[in-house]
Amino acid sequence: MKMKVSDLLPYKQVRYQESTNAFLPKEAIIPLLQEKDTTTFCTVQEGEVVEEGQVLATSKELHGSVIHSSVPGVVSQIQYITDPDGRRVHAVKVRLQGEFSLYGKPRKAVDWKSFPPSTLRRIIADKGVVNTFGRAVSLVHQMDRLMEKSKPSLVVRLFDLDPSCYVDQFLAEQFPQEIMTGIEILAAALETNRVVVLVPQNFAPKKELVLPQGEIEYFKVETDTSYYPVGGKRDIIAHLRRRRREGRVSFKDLYVDSTTIYDVYEAVVYNQPVIDKFIQIAGHAVYGEGILKVRLGTSIRSLIGEFGGFEKDGGKIVVNGILMGHNVTDLDTPITKEVKSVIIIPPKDVMSPASLECIRCGMCRHVCPMGMSPDILYGHYTFNREISQNQLNTLRNCSDCVLCNATCPARLPLCQSIKLLRGAINEKK
């Protein structure tokens with residue numbers, strides 16, 4: 001079951017028409033782990049002078065994680081911090097100093113069409129591009145795994161997974177030519193012959209998004225984003241299978257978003273490593289809101305300060321969306337490749353985190369788009385209540401849409417319990 005977005009969100013959605021550059025951080029705090037399921041090793045030492053765009057950490061895996069310095073300066077410290085995802089990770093602190101080698105310099109586009117697919121993939125990997133369609137993962141590492149088993153299609157989502165965010169749709173609307181070029185680059189690197197581009201029904205780009213003609217087959221599909229959920233892999237597959245020509249998609253295809261496509265464009269066309277991101281700052285607890293182009297390693301505190309600071313005491317700071325995101329308690333938490341939005345919610349709009357007992361209303365079952373019974377799975381995980389094997393088998397169907405949490409009147413952590421139960425069963429295997 002899908003629900004109207006207006007019934008789920010405490011605020012009206014805002015459509016931004018422009019962005020501004022955030023102030024450069026005096027000290028960038030750059031985590032050395034910014035992806036899922038990967039490890040890195042640091043390539044610099046305390047006291048070392050680094051250039052803008054210099055590699056700070058890399059992975060031993062082929063096409064694994066690469067982390068670059070977002071500013072020139074001196075490595076003042078290497079220490080553990082808590083990242084926006086709540087993980088304790090090593091981070092390099094770079095004190096701003098010296099001359100920029102990329103920022104403010106003239107840029108010259110390269111003729112990427114002369115590059116073979118292997119070269120395109122190497123560039124994308126070397127520049128540290130991650131896929132932020134879901135949890136951040138190395139884009140080329142993901143491509144390699146898919147290409148080993150089949151010839152995947154490319155599926156591009158030009159709207160945001162969480163309806164409280166407006167970054168992916170903003171990029172697609174404000175930079176349509178760059179996005180289209182990025183799609184062409186990634187299609188060539190993937191060596192695919194089929195691309196599906198999903199656009200929202202209210203899509204209003206500055207210039208028309210013209211799909212290219214050639215050997216690759218392109219499809220543009222409208223999606224009604226006034227309902228939720230619509231942007232996950234399962235939702236997209238179900239949506240496309242109801243259509244005739246575009247219905248041939250599966251979990252074996254590559255799914256990306258506008259943020260990933262824009263980073264691919266910057267990496268290949270301008271040889272730009274991923275050192276900055278477009279970030280939405282919003283919420284009723286700050287004086288202003290908008291979209292900033294932010295250097296990685298900039299603190300959340302600094303970004304809130306650019307809009308005049310707190311209008312009221314911030315009750316909750318949520319990263320990456322009110323529905324799909326997670327709380328951050330430390331204002332000095334740095335921006336990473338995975339972050340798209342920071343929403344600051346005042347205390348009066350924050351629901352009580354206290355959980356009550358399940359009242360057996362059945363709302364979680366009613367709204368679950370996968371036909372699951374979140375209350376039964378929660379009871380099994382929390383209280384060790386017996387359930388059937390068929391109920392346990394439904395765990396793999398969960399799309400993490402969190403509709404069960406959003407509608408539960410007892411405020412039970414249903415989605416979190418399902419994730420933990422799924423993880424515990426996978427560990428036993």
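Residue numbers count from 1 along this sequence.
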Measure from the side-chain N and O atoms of Thr382 to the backbone N and O of Gly379, and report whether any donor-acceptor pair falls under 3.5 Å. no

Decide yes or no for Asp375 and Ser373: does some side-chain heavy atom of the first lie under 4.5 Å from some side-chain heavy atom of the second? yes

Any side-chain heavy atom of Val342 within less than 4.5 Å of one from Ile317? yes

Between Thr225 and Gln201, does the side-chain contact (heavy atoms from CB on, under 4.5 Å) criterion hold? Intermediate values first, please. CA-CA 7 Å; Thr225 56; Gln201 286 184 348; over 6 Å; no

Hydrogens and angles aside, do Arg88 and Thr82 bring a side-chain donor and acceptor to less than 3.5 Å of each other? yes

Is a donor on one side and an acceptor on the other found under 3.5 Å between the side chain of Asp253 and the backbone of Ser250? yes

Under a 3.5 Å distance rule, please check whether Asp160 uses its side chain to pair with a backbone N or O of Pro163 as donor and acceptor. no

Intermediate values then yes/no, side-chain contact (heavy atoms from CB on, under 4.5 Å), Val221 and Leu240: CA-CA 8 Å; Val221 180; Leu240 293 180; 3.9 Å; yes

What heavy-atom pair brings Ser399 and Arg234 nearest, and what distance separates the two atoms? CB-CD, 4.0 Å

Take a 6.0 Å sphere around CZ of Phe307 and say whether it holds more than 12 heavy atoms from other residues, nucleotides or ligands. yes

Can you tell me how far the NZ atom of Lys419 sits from the OH atom of Tyr381, to the nearest 0.5 Å? 13.0 Å

Passes side-chain contact (heavy atoms from CB on, under 4.5 Å), Leu331 versus Phe310? Steps please. CA-CA 12 Å; Leu331 285 173; Phe310 291 104; 3.9 Å; yes

So, does His141 use its side chain to make a donor-acceptor pair with the main chain of Ala125 at under 3.5 Å? no

Aromatic plane relationship, Tyr270 with Tyr265 - under 30° parallel, 30 to 60° tilted, over 60° perpendicular: perpendicular

Kindly compute the distance separating CG (Leu102) from NE2 (His68), expressed to the nearest 0.5 Å. 10.0 Å

Partner of Lys277 by side chain to side chain donor-acceptor pair (under 3.5 Å), out of Thr259, Thr336, Thr132, Asp263: Asp263

Heavy-atom nearest pair, Leu32 first then Ala57, reads CD2-CB, 3.8 Å

Looking at Glu51, is its backbone amide N or carbonyl O close enough to the side chain of Gln54 to form a donor-acceptor pair, meaning the two atoms are under 3.5 Å apart? yes

Flag, side chain of Arg295 to backbone of Leu24, donor-acceptor distance under 3.5 Å: no

Between Pro212 and Met180, what is the shortest heavy-atom contact and its length? CD-CE, 3.5 Å

Smallest separation among heavy atoms of Val230 and Ile236, with atom names: O-CG1, 3.9 Å

Quick check: do Ser153 and Val195 have side-chain heavy atoms less than 4.5 Å from each other? no

Side chains of Glu35 and Ser65 only: does a donor on one sit below 3.5 Å from an acceptor on the other? yes

Quick check against the 3.5 Å criterion: does Asn405 have a side-chain atom that pairs as donor or acceptor with the backbone of Leu414? yes

Which atom of Phe170 lies closest to which atom of Ser19, heavy atoms considered: CZ-CB, 3.7 Å

Quick check on side chain to side chain contact (heavy atoms under 4.5 Å, CB included): which of Asp168, Val197, Leu198 does Leu158 satisfy it with? Val197

Whether Glu306 and Arg301 form a salt bridge (side-chain N of Lys/Arg under 4.0 Å from carboxylate O of Asp/Glu) is what I want to check. no

List the steps, then state whether side chain to side chain donor-acceptor pair (under 3.5 Å) holds for Asn397 with Thr394. CA-CA 5 Å; Asn397 298 332; Thr394 65; 5.5 Å; no

Between the main-chain N or O of Ile216 and the side-chain N or O of Asn193, is there a donor-acceptor pair closer than 3.5 Å? no

Value rounded to 0.5 Å, distance of CD in Gln174 from CD in Gln169: 10.0 Å

Consider only side-chain N and O atoms of Ser388 and Asn390, and report whether a donor and an acceptor are under 3.5 Å apart. no

Interatomic distance, OG@Ser69 vs CD1@Ile30, rounded to 0.5 Å, equals 4.5 Å

For residues Tyr378 and Ser417, report the shortest heavy-atom separation together with the two atoms involved. CD1-OG, 3.2 Å

Over-ring placement of Lys340 relative to Phe278, 6.0 Å and 45° cut-offs: no

Measure from the side-chain N and O atoms of Glu173 to the backbone N and O of Ala204, and report whether any donor-acceptor pair falls under 3.5 Å. yes

Lys36 atom NZ, neighbour heavy-atom count above 12 within 6.0 Å: no

Quick check: do Cys361 and Pro409 have side-chain heavy atoms less than 4.5 Å from each other? yes

Stacked cation flag Arg157 on Phe133, 6.0 angstrom / 45 deg: yes

Are any non-hydrogen side-chain atoms of Pro152 and Thr192 less than 4.5 angstrom apart? no

Side chain to side chain donor-acceptor pair (under 3.5 Å) between Asp83 and Gln34, worked out: CA-CA 9 Å; Asp83 73 356; Gln34 300 193 29; over 6 Å; no

Could you measure the distance from the OG atom of Ser299 to the CG atom of Asp330? Nearest 0.5 Å is fine. 9.0 Å

Asp85 with Arg135: basic N within carboxylate O range, under 4.0 Å: yes

Would you compute the distance between atom OG of Ser138 and atom CD1 of Ile124 and round it to the nearest 0.5 angstrom? 10.0 Å

Mind checking whether Cys42 and Val44 have side chains closer than 4.5 Å, heavy atoms only? yes

Please determine whether side-chain contact (heavy atoms from CB on, under 4.5 Å) holds for the pair Leu392 and Leu421, giving the CA-CA distance in whole Å, both sets of side-chain angles, and the decisive distance to 0.1 Å. CA-CA 9 Å; Leu392 278 177; Leu421 180 56; 4.2 Å; yes

Does NZ belonging to Lys207 count more than 12 external heavy atoms closer than 6.0 Å? no

Aromatic ring pairing Tyr16/Tyr166, orientation class (parallel under 30°, perpendicular over 60°, tilted between): tilted

